[in-house]
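Worth knowing before you read on, the calculation uses all heavy atoms, side chains too, and leaves out hydrogens, waters and symmetry mates. Model, not experiment: these values are computed from the prediction. Just so we're on the same page: letters track the sequence lines, and every chain starts at 1.
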Amino acid sequence: MTNRFFISTAISYPNGAPHLGHAYELMAADAIARFMRLDGRDVFFLTGTDEHGLKMVQTAEKEGIDVRALADRNAERFRAMGPALGATNDDFIRTTEARHYAACQEIWRRMEANGDIYLASYPGWYSVRDEAFYGEDETRLEGDKRIAITTGTPVEWVEEESYFFRLSKYQQPLLDYYAANPGFIGPETRRNEVVSFVTRGLTDLSVSRKTFTWGVPVPGAPEHVMYVWVDALTNYITACGFPDEAAPRMKYWPASLHLIGKDIVRFHTVYWPAFLMSAGLPLPERVFCHGFLTNRGEKMSKSLGNVVEPMTMAEKYGIDAFRYFLLREISFGQDGSYSHEAIVGRLNADLANDLGNLAQRSLSMVNKNCEGRVPAKGVLADEDRLLLDAAYSLVAEARAAMGDFALHTILNAIWKVVGDTNRYFAGQAPWALKKTDPTRMETVLWVTAEVLRIVGILTQPFLPLAAPKLLDLLAVPADRRSFAHADQEFALEPGVALPAPSALFPRYIETEGEGA
RNA sequence: GGCAGUGUAGCUCAGCUGGUUAGAGCGUGGCACUCAUAAUGCCAAGGUCGGUGGUUCAAGUCCACUCACUGCUACCA
C-alpha cells in the first residue's frame, strides 16, 4: 500500500495555448514520476485540463466558436504537449468528461449530506478575471468603471443566490492537520503563509453560480453550476475512479503529491482538504509549490513580448537540455530565470562537455583498445574505490534530496561525480597507460564505464532520451536499469560486447543574430 | 502596518548546532595535455559575507537596530 505513488500536476485552464509555466510543471512532475518508478514505486501520474467557467465562455464568444469546440481544440494542445516533452503521464483528465461530472456531483452530495452546503444570497462585486467576489470596500471607482483594489480588475455588481460551503467550520481541523503533518505544504515558506492565513479565520465559500451554465450542474438544483474550484480540485479523485470505491485506481488515493504553482496554494491546501474532510475522504499527503519562471528576471507577458513558447524551446534545444536546464538551474520551489545564454551554457558545459565528452573519450578508447568490449576489471586502486563509492552513494543521496523534492540537489550531486570522473580520467591518463601498463588502462576504463552506468541510471528521470542512450552504449540490459541496479552487485561484466560509441549531446553552436 | 523570507566572489548559489588562511559551478586570465564533442586537467585573479552597534577568548554563523528586495496579509481609500 505504501508502495503506490500518485502525483498530479495542476490541471491547466485551456483558454489559451500552453506556456512555459505549464511545461515546467509538467516536466518537473514527470521527473518525479520517473524517479519514483525507477525506485520501484507503483506510480500513477496525472495531468489534464480544467475546462469550465466563465472565462472559457467569454474566450469562445470572442473567437466566435462554441465553448465546447474551444475546449476540445485547446485541450488537445495541452494533451499533445505531454508526449512532445517526454512526459509519461498515465492519464489526461478533462473536466468536461462524464466521469468527472459523476465525481463532482457525488462529492457535492457528500458535502451536502454532511451539512456543509447551504443556499444563500450573495450580492457583491464580482471580478470575472479573478473569479472572485469583492466587498464594496475592496473596490474603488476608476473613472466610470469600478475595479478591484488588490488586482485592478474590473468588477460588476452581481446579486445571485449561491450555494455556500461551510469553510469556517474547518478552520481548526485544518490547523490540526497542518500541525500533525508538517510536510503537508512545501516549501516551508508556503506552509507558513497558509497557516497564518487560516489562523486568521476562514469565511464560508461560495461554491455555485447561476449566471452561466458552462459547468457541472449542482445535484438537485440544475440551475446552478459548481464553482470552478469544487469542480477543478475534484479531478484528482475523478481520475482515481471516484465514486466507484472498487475502481482499480482507487488504491492511489490519497495523492502522494499535488505539484502546483505557488499561485494556487490556498485552493490546494485550504479548500481542497476542507472539501475532502467534509466528504469523509482521505487527504492528500503533500502539496508542493514550484516557483515561477521569468525571462531574465522579468515577468513573461504577452504585452512585453518576451513569452517563451515551450514547444519551440523543446525543438530548439532538445527535450533533454530543456528539461535538464529547468530542473538543474532552478532551486525547485523558488522562482527562476530563463534565458537563451543560460540554457546554452548548461547544455554545452554540463551535457556536451562534462557528461557527453566523458562518455565519448572513455568509450572511444574502449572501442579502439578493448575490442569494443567491457574492459577487464583488474585490481582496484584506492582512487578507483573512492570514485566508485561516490557513484554508488548517489542513489541514497538522490532519495534523500527527493524527500523534499530538491531536484536541483540531485542533479548537482550527480554532476559532482561526473566532474570527479573527468578529473580521475585525466589523472589516470589511460592513453599513457596504454603504452606502459595496458592492464591498468583497462581497469581505469572499466571504472569510468561503471561510473557512467550509475550516472546513466540516475539521470533517466532528467534526460529521458540521452540517459537510455548512454545505457545502450554500455549494453546495460533493459531490465537492469532501475535504482536497485545502481549498485556494485550489478556492475558491468568485462567482456560484454559494446556498440560503437556515438555522441550523446551535440554542442549548441550559435547562429547569426542569436542571443536575444 | 503586521507576519515570514532573502541579501556571501561578475553570475547562480553552498556554508549544520559560532572556532584554523570564507567554498562550488559558470564566466575571466594563464599553463598543461592531446584519449575526447576546440572537449579535459592544473593554477590564478576576484568577496571588509547589505549596513551599524553589541554578546563572546572567537561571528556570514547569536542579539538589537537599520537599509534593500520578495511573498502572504491588513488597513487606508
Distance only, no hydrogens: is a donor on one side chain within 3.5 Å (strictly under) of an acceptor on the other, for [X] and [Y]?
{"X": "A:Y317", "Y": "A:H340", "result": "yes"}
{"X": "A:Y392", "Y": "A:E450", "result": "yes"}
{"X": "A:H268", "Y": "A:Y236", "result": "yes"}
{"X": "A:N181", "Y": "A:R286", "result": "no"}

Which residues, if any, of [range] bring a heavy atom under 4.0 Å of RNA chain B?
{"range": "residues 401-410 of chain A", "result": "none"}
{"range": "residues 420-440 of chain A", "result": "A:N422, A:R423, A:F425, A:A426, A:W431"}
{"range": "residues 352-382 of chain A", "result": "A:A352, A:N353, A:D354, A:G356, A:N357, A:Q360, A:R361, A:S364, A:M365, A:K368"}

Pick base, sugar-phosphate or nothing for A:R200, based on heavy-atom distances below 4.0 Å to the nucleic acid. base

Report the C-alpha distance between A:Q172 and A:D176 in whole Å, list the side-chain angles of each, state the deciding distance to 0.1 Å, and finish with yes or no for side chain to side chain donor-acceptor pair (under 3.5 Å). CA-CA 6 Å; A:Q172 199 51 49; A:D176 293 343; 2.9 Å; yes

Assign each of A:E193 and A:N348 the nucleotide of RNA chain B bearing its closest heavy atom; nearer the 5' end lies the nucleotide of A:N348

Taking for A:Q334 and for A:L504 the nucleotide of RNA chain B with the nearest heavy atom, the one nearer the 5' end belongs to A:Q334

Donor-acceptor under 3.5 Å (A:R453 side chain, A:F490 main chain): yes

Check whether any side-chain N or O of A:Y178 sits under 3.5 Å from a backbone N or O of A:T269 as a donor-acceptor pair, and report yes or no. yes

Report the glycosidic orientation of B:G60: syn if within 90° of 0, anti in every other case. syn

[atom1]-based separation of [M] from [N] [nearest Å]:
{"N": "B:G47", "M": "B:U37", "atom1": "C1'", "answer": "35 Å"}
{"N": "B:A24", "M": "B:G46", "atom1": "C1'", "answer": "15 Å"}
{"N": "B:G7", "M": "B:U61", "atom1": "P", "answer": "12 Å"}

So what's B:G10 paired with, Watson-Crick or G-U wobble, going by both distances under 3.5 Å? B:C26

Regarding A:K469 and A:D320, does a basic nitrogen lie under 4.0 Å from an acidic carboxylate oxygen? no

Please report, rounded to the nearest Å, how far the C1' atom of B:G25 is from the CD1 atom of A:I343. 18 Å

